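Here the structure comes first, spelled out in structure tokens, and everything after it is commentary.
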Amino acid sequence: MTSVARLTEQSTAGANDGRWRTIIEPFRIHSVEPIRTTTRAEREKHLTAAGLNLFAVRAEHVLIDLLTDSGTGAMSSNQWAGVQRGDESYAGSPSFYRFRDAVRNLFPFEHVIPTHQGRAAEKLLFGVLGGPGKAIPNNSHFDTTRANVEFSGAEAVDLLIPEGRMPSSEHPFKGSMDLAALEAFIAQRGAENVPCVMLTVTNNSGGGQPVSLENMRGVRAICDRHGVPLFLDAARFAENAWFIKQREPGYADRGITDIVREMASLADGMTMSAKKDGLANIGGWLACDDDALAEACRTLLILTEGFPTYGGLAGRDLEAIAQGVEEVVDEAYLRYRIRSTAYLGDALHDAGIPVVRPTGGHAVFVDARALLPHIPPLAYPGQALAVALFLEGGIRGCEIGTVMFGRRPDGSEAPAAMDLLRLAIPRRTYTQSHIDYVIEVVQAVAEGAGKLRGLRIVEEPPRLRHFTARFAPL
Ligand SMILES: Cc1ncc(COP(=O)(O)O)c(C=O)c1O
């Protein structure tokens with residue numbers, strides 16, 4: 001049975017008809033997938049075979065999979081109906097036009113270019129705008145964004161506000177860009193060397209924290225002053241809009257669709273991973289108003305993704321995304337989504353476990369550097385914690401720290417700004433009892449934190465090392 005009794009809010013505002021504190025899942029379960037428990041000895045064997053890298057563990061050996069919220073959500077019956085309706089014509093499929101119109105309803109950009117996922121949109125954008133001598137500022141680049149910028153020869157620069165790097169700060173918009181730093185950066189590098197500014201909403205690498213509209217307007221004004229276009233990395237646009245509605249003065253009575261359109265109106269374009277707030281299992285897009293940029297991106301698209309009316313997707317995927325972006329702006333969904341993530345974050349915080357505050361939209365980030373102060377950043381406390389959680393309870397999280405970000409393009413290694421363990425919550429997938437189990441296991445691991453040991457890397461590729469590196473205990 002789905003246990004929902006404690007997904008409550010302190011305030012009754014907006015809950016159901018306003019009378020009840022319990023926030024229920026705004027759906028019932030239509031189809032289920034079994035999950036299986038393993039023994040500790042089995043998990044030890046799986047970890048050893050995987051070189052202590054959870055990306056190399058087979059999914060069927062994971063009990064609760066919080067590795068990512070990307071593409072792991074449950075689709076609705078209407079999305080599955082869309083899958084049936086998918087038209088697989090090579091060119092001009094009606095599924096493309098449904099997809100394009102659903103995107104434009106929220107993000108009214110002239111050009112909407114489907115891609116197989118977000119990183120493909122990044123590859124197109126930076127393939128055209130990037131290159132040696134260029135620099136792309138962002139609040140925080142996600143790993144694939146950084147990798148695509150750097151692969152083009154350009155420099156990826158993070159200009160997050162200082163509060164965004166303080167795990168315990170309760171700032172309501174910790175994903176915001178440091179406006180003074182952005183202004184100084186463009187002035188120093190010269191606008192001709194900054195082909196675009198990116199804003200990641202919400203800011204995944206910094207704890208799933210939102211960016212306020214006020215901050216976006218500030219970024220826009222700087223971009224206008226310097227004649228630099230602004231692009232959103234909009235993977236979690238609806239979660240960001242929900243936080244704006246909840247936290248930004250003047251937005252409480254505004255609809256989510258309206259808020260998203262206001263976000264879009266401040267940008268010149270966007271990259272999107274539909275695997276997050278597209279509520280789909282695959283897909284993405286690049287959108288912009290600039291005809292020449294779109295043309296150049298479409299030329300690359302045809303080389304690597306496919307014809308411009310399907311990108312790297314099947315018609316059925318385009319249908320799932322078209323329906324998904326309609327569902328994701330539903331307030332009942334967003335209230336449940338954000339509250340159920342906060343339920344895990346609050347429980348860990350109340351148990352004295354250091355977590356990034358306030359809880360972000362899609363994940364709870366445990367501050368591994370604070371929980372394991374005896375493990376220095378270059379001995380990867382986030383990875384050590386991830387391994388311990390899997391060993392203890394079959395829960396798979398993801399290190400977001402020095403393993404992910406510590407290797408510089410020149411080959412040197414430096415501690416990341418934070419060492420976090422991300423527990424990402426797949427959309428509409430796990431129930432409250434699954435999360436209660438996670439809380440219990442994390443508490444048990446935290447109680448024995450002093451006994452955990454750091455790790456060293458024994459094998460790693462030149463880029464995106466967190467996916468394939470192998471580790472050994474120190
Ligand atoms: C903020 C952000 N941008 C871009 C991406 C890349 O998207 P995809 O995984 O669809 O390639 C991700 C994926 O996790 C993300 O979180």
Side-chain angles (χ1 to χ4, degrees), residues 55 65-73 103 107 113-127 136-151 156 158 160 164 174-177 196-211 231-241 243 263 267 269-287 301 304-305 311-313 317-318 320-321 324-325 328 341 356 360-365 396-401 404-405 420 422-427 463-464 466-467:
F55 282 100
D65 205 344
L66 307 183
L67 183 70
T68 176
D69 64 320
S70 179
T72 52
V103 171
F107 300 95
I113 301 173
T115 58
H116 80 275
Q117 52 184 96
R119 69 198 64 188
E122 293 161 5
K123 180 80 168 64
L124 299 179
L125 183 66
F126 302 126
I136 318 276
N138 200 329
N139 45 355
S140 301
H141 288 271
F142 186 63
D143 60 351
T144 60
T145 324
R146 172 174 292 281
N148 273 302
V149 169
E150 290 173 352
F151 186 73
D158 292 345
L160 188 62
K174 283 171 85 170
S176 293
M177 183 82 93
C196 71
V197 170
M198 299 286 298
L199 256 184
T200 305
V201 296
T202 59
N203 187 32
N204 184 4
S205 311
Q209 301 292 330
V211 180
F231 275 74
L232 298 178
D233 176 347
R236 299 179 181 82
F237 69 87
E239 293 173 7
N240 200 89
F243 283 121
M263 287 160 59
M270 67 189 293
T271 56
M272 175 69 191
S273 169
K275 301 173 74 173
K276 286 81 171 176
D277 278 353
L279 298 181
N281 299 125
I282 196 71
W285 69 83
L286 171 69
L301 179 89
T304 58
E305 292 283 294
L313 296 169
D317 301 321
L318 294 167
I321 298 168
V325 296
V328 80
T341 306
V356 172
H362 66 294
V364 172
F365 292 71
R396 173 156 70 170
C398 181
E399 192 260 13
I400 305 260
M404 193 177 266
F405 298 114
L420 306 173
R422 185 184 70 181
L423 302 173
I425 317 290
R427 294 170 180 76
R463 272 177 224 283
L464 295 173
H466 54 289
F467 288 131

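Remember, it's 1-based here, ligands and their atoms both numbered in the order they're listed. Being a predicted model, the structure only gives us computed values, none of them experimental. What's counted below: heavy atoms across the whole structure, side chains too, no hydrogens, waters or symmetry copies.
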Results of salt bridge (charged side-chain N to carboxylate O under 4.0 Å, His left out) for E305 - residues two or more places apart only: none
Can you list the residues that meet the salt bridge (charged side-chain N to carboxylate O under 4.0 Å, His left out) rule with R119, with sequence neighbours excluded? none
With D143 via salt bridge (charged side-chain N to carboxylate O under 4.0 Å, His left out) - residues at least two apart: none
Going from CZ on F467 to CE on M404, what distance comes out if it is rounded to the nearest 0.5 angstrom? 6.5 Å
Under a 4.0 Å heavy-atom cut-off, what residues line ligand 1? S70, Q117, G118, R119, E122, F142, T144, T200, N204, D233, R236, S273, K275, K276
Count the heavy atoms belonging to other residues, nucleotides or ligands that lie under 6.0 Å from CZ of F151, then report whether that count exceeds 12. no
Looking at CZ of F405 and CZ of R146, how far apart are the two atoms once the value is rounded to the nearest 0.5 Å? 7.0 Å
